[in-house]
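This report concerns only the one structure given below.
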Amino acid sequence: MARLERDSSPSSDVNFRRLPSVFSGHTDSAQYPESALLASVAVKLSRPLLAILAALFLFAWLLPANRTLVRPDEGRYTEIAREMAISGDYVTPRLNGLKYFEKPPLQYWATAAAFSLFGQSDAAARWWPSFAGLLTLLFVFLGARAFADAMTAWAATAMLGAMAYFFIIAHINTVDMGLTAFMTLTLVGLARGFGVAGQSAGAARGWMVAAWAGAALAFLSKGLIGIVLPGAVFVLYVLITRQWRLLGRLEWFWGPLGFLLIALPWPLLVQSRNPEWTHFFFIYEHFGRFSQEEHERLGAVFYFVPILIIGLMPWTPAVLALLRRQSWGNLSHCYRNTEINLPLLLAIWCAFIFLFFTASKSKLPSYLLPVTPAFALLLAPVLLTLRRRSFHWLLGSMCLIPVTLVVLALFRGEFVNAAYTQGMVDAFAVHALIGAFGFALAAYVAWRLNGRGRRADAVIVAAVVCALSGSVASSGYEHFAPSTSVKYLLQDFRQAEPSYQPTDAFYSVGLFEQTLQPYLQRYTIPVDWLDELGLGAATDPDRVRFNFDDFVEEWQALERGYAITDGSQLPRLDHAGVDYRIVAADLRRIIIARHGVTP
């Protein structure tokens with residue numbers, strides 16, 4: 001920690017105590033002769049080079065788009081959207097033909113619209129979280145540009161785009177990135193709505209209304225959490241600072257009106273068609289998920305600590321500098337265009353969300369994603385103002401990433417098991433090694449640029465190269481697709497069973513493979529398995545087989561039929577005297593047929 005402390009001596013790259021106008025964009029060299037030091041952090045990249053970097057980042061962002069869907073979330077949310085697009089019912093979400101009320105519909109709507117316009121594909125299934133990630137970057141840029149200046153805005157945006165946690169989840173078909181985008185809009189809208197230098201009163205009111213709209217869209221993305229978390233952060237901020245006047249700037253007429261116009265129609269419609277929705281969505285899914293262990297997503301008190309440490313990479317070491325007292329003085333100088341204590345608001349945002357989910361009885365790695373934009377806004381000034389030696393130390397610590405990737409590649413044999421073959425891990429190791437080279441290159445180029453007094457350029461270039469390297473490395477996960485998805489199993493199935501018809505009975509015995517329905521493009525009949533389908537099964541019991549014996553009797557009476565299961569179920573089928581033949585199999589699942597059984 002001591003090596004990351006700031007140097008308040010004149011030899012530092014930038015000293016905000018001596019340069020109070022650094023981030024305002026107005027520096028009087030006569031009054032502040034130290035303003036020449038701004039050259040050490042100013043963006044010097046030419047426009048063509050910035051355009052090339054932007055193109056490289058966009059390429060890195062789009063590279064994972066067409067990756068095979070993996071279980072469970074990607075298959076689930078793709079299937080719900082597919083069923084919406086086919087049925088035309090955009091009010092009642094359904095999974096495998098059964099009512100599914102765990103999440104609000106905004107992402108389903110966006111994905112279903114893409115399917116209707118462009119057809120079903122893996123890229124169309126992922127377009128919304130990827131687009132929401134870009135929206136988050138835009139909101140961070142617009143916020144930092146107003147709170148500080150263009151240099152800080154570019155640095156914060158680039159840092160967020162390269163953050164491992166943010167980049168990875170933006171390319172997984174789950175609802176957390178949509179929630180993060182609109183919670184970030186709420187955060188930035190509040191801060192800008194309270195007033196920034198040079199902003200008109202009308203613009204401030206517009207941003208405050210945008211904050212209300214962001215809360216409404218966050219609710220439609222993942223539920224009450226999109227309202228509760230930003231609201232609690234704001235209340236805590238006012239209680240700590242006693243800035244009661246801020247309460248009068250919340251646009252109490254147009255803000256709530258916009259919120260209700262966006263957020264209210266769908267709950268009213270879905271409740272009118274499904275009387276059970278209110279209790280399940282609000283009581284079971286929200287309060288029950290937070291306070292009860294029924295969802296079996298428990299984690300230790302420190303569950304999210306390693307997720308943050310790894311997820312904030314390659315910028316994690318900068319958090320150590322952020323913990324120092326002088327950092328907050330520098331942050332205050334940086335974000336002095338705002339009428340609020342922005343660093344304090346950002347710190348409360350990160351701390352409260354972390355503690356909230358730590359206290360929850362339901363924990364998943366993606367839950368903390370909304371803290372990443374706030375961390376980017378906090379860490380950007382830290383990186384831009386670290387003394388040169390400390391910045392070089394941070395770049396040196398960044399080399400832990402390529403070293404780790406190389407070690408994983410060298411010891412790849414340790415990851416071979418029943419689910420992942422030697423060929424899979426060998427192929428992934430190639431991507432890991434290419435990514436390792438890219439991360440090392442990022443640290444080297446940043447080192448050289450910083451040595452030439454181009455700190456902001458060093459941060460931006462390092463971020464883009466890290467994003468590209470991370471994209472290449474993570475795209476190697478596609479080699480595990482035969483184990484994490486049924487896409488290739490279904491290809492073998494269709495080749496082995498050219499007579500298969502979509503009207504043939506198709507069961508899921510003892511499991512529910514989430515990627516099966518979107519790739520098979522049809523429903524299956526669950527057998528002796530409910531879990532998240534419990535509500536839908538209760539309201540439409542004819543679509544499931546609760547009892548294994550009922551399935552056996554029905555199967556034996558079929559002329560044609562298929563089922564997907566796994567190896568653990570075969571002894572059970574044999575013991576029950578079920579007639580079947582294995583049509584296709586992969587490392588995890590087996591597809592069996594009723595017809596064509598050899599006596």
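Residue numbers count from 1 along this sequence. All of these numbers come straight from a predicted model, not from anything done at the bench.
Taking both residues in full, the closest heavy atoms of Ala162 and Trp315 are given as CB-CZ2, 4.1 Å, listed atom of the first, atom of the second, then distance. In this structure, Pro365 and Tyr303 approach most closely via the heavy-atom pair CD-OH, 3.2 Å. Between Asp176 and Leu369 the shortest heavy-atom distance is O-CD2, 3.7 Å. Of all heavy-atom pairs between Ala318 and Leu383, the closest is CB-CG, 4.3 Å. The two residues Tyr108 and Ala81 make their nearest non-hydrogen contact at O-CB, 3.7 Å. Considering all non-hydrogen atoms of both residues, Gly223 and Phe281 come closest at CA-CZ, 4.0 Å.
Without hydrogens or angle criteria, Ser397 side chain to Pro317 main chain gives no donor-acceptor distance under 3.5 Å. A donor-acceptor pair under 3.5 Å is formed between the side chain of Thr136 and the backbone N or O of Ala132.
Side-chain contact between Leu346 and Leu331: absent, with no pair of heavy atoms (C-beta onward) separated by less than 4.5 Å. The shortest side-chain heavy-atom distance between Leu134 and Leu138 does not fall under the 4.5 Å cut-off. In this structure, Leu468 and Phe57 have side chains that are not in contact, with every pair of non-hydrogen atoms separated by 4.5 Å or more. Residues Arg388 and Asn450 meet the side-chain proximity criterion, which asks for heavy atoms closer than 4.5 Å. At least one side-chain heavy atom of Tyr165 sits under 4.5 Å from a side-chain heavy atom of Leu368. Within the 4.5 Å cutoff, the side chain of Leu142 has no heavy atoms near those of the Arg145 side chain. Residues Phe147 and Arg192 meet the side-chain proximity criterion, which asks for heavy atoms closer than 4.5 Å. Pro381 is listed as a side-chain neighbour of Tyr335, based on a closest heavy-atom distance under 4.5 Å.
A salt bridge is absent between Lys222 and Glu102; no separation between the charged side-chain nitrogens and carboxylate oxygens falls under 4.0 Å.
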Under the side-chain hydrogen bond (donor to acceptor under 3.5 Å, both in side chains) criterion, do Trp61 and Ser130 qualify, and how do the steps go?
-> CA-CA 8 Å; Trp61 197 260; Ser130 181; 2.9 Å; yes
Apply side-chain contact (heavy atoms from CB on, under 4.5 Å) to Phe219 and Val228, showing your working.
-> CA-CA 9 Å; Phe219 167 76; Val228 171; over 6 Å; no
Tyr77/Gln107 under side-chain hydrogen bond (donor to acceptor under 3.5 Å, both in side chains): CA gap, chis, key distance, verdict = CA-CA 8 Å; Tyr77 297 131; Gln107 181 161 321; over 6 Å; no
Show your working on ring-ring contact (aromatic ring centres under 6.0 Å, His included) between Phe282 and Trp277 and close with a plain yes or no.
-> CA-CA 8 Å; Phe282 289 108; Trp277 176 79; 5.3 Å; yes
From CA spacing to verdict: ring-ring contact (aromatic ring centres under 6.0 Å, His included), Phe234, Phe194 | CA-CA 12 Å; Phe234 172 69; Phe194 292 137; 5.7 Å; yes
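The neighbour count for Arg245 CZ, taken as heavy atoms of other residues, nucleotides or ligands under 6.0 Å away, is above 12. Within 6.0 Å of CZ in Arg249 there are more than 12 heavy atoms belonging to other residues, nucleotides or ligands.
In terms of the salt bridge (charged side-chain N to carboxylate O under 4.0 Å, His left out) criterion, residue partners of Arg126 (sequence neighbours excluded) are, by chain and number, Glu74. Legend: residues meeting side-chain contact (heavy atoms from CB on, under 4.5 Å) with Val305, ordered by chain and number and at least two apart, are Phe302, Ile309, Phe354. For Thr241, the side chain to side chain donor-acceptor pair (under 3.5 Å) partners two or more places apart in sequence, or in a different chain, are Gln243.
Of the residues listed (Thr372, Val371, Leu377), the one engaging Phe375 in a side chain to side chain contact (heavy atoms under 4.5 Å, CB included) is Val371, and it is the only one. Considering Val319, Leu160, Val459 as possible partners of Leu379, the one that fulfils the side chain to side chain contact (heavy atoms under 4.5 Å, CB included) test is Val319.
Between atom OG of residue Ser221 and atom CE of residue Met183 there is a gap of 10.5 Å, rounded to the nearest 0.5 Å.
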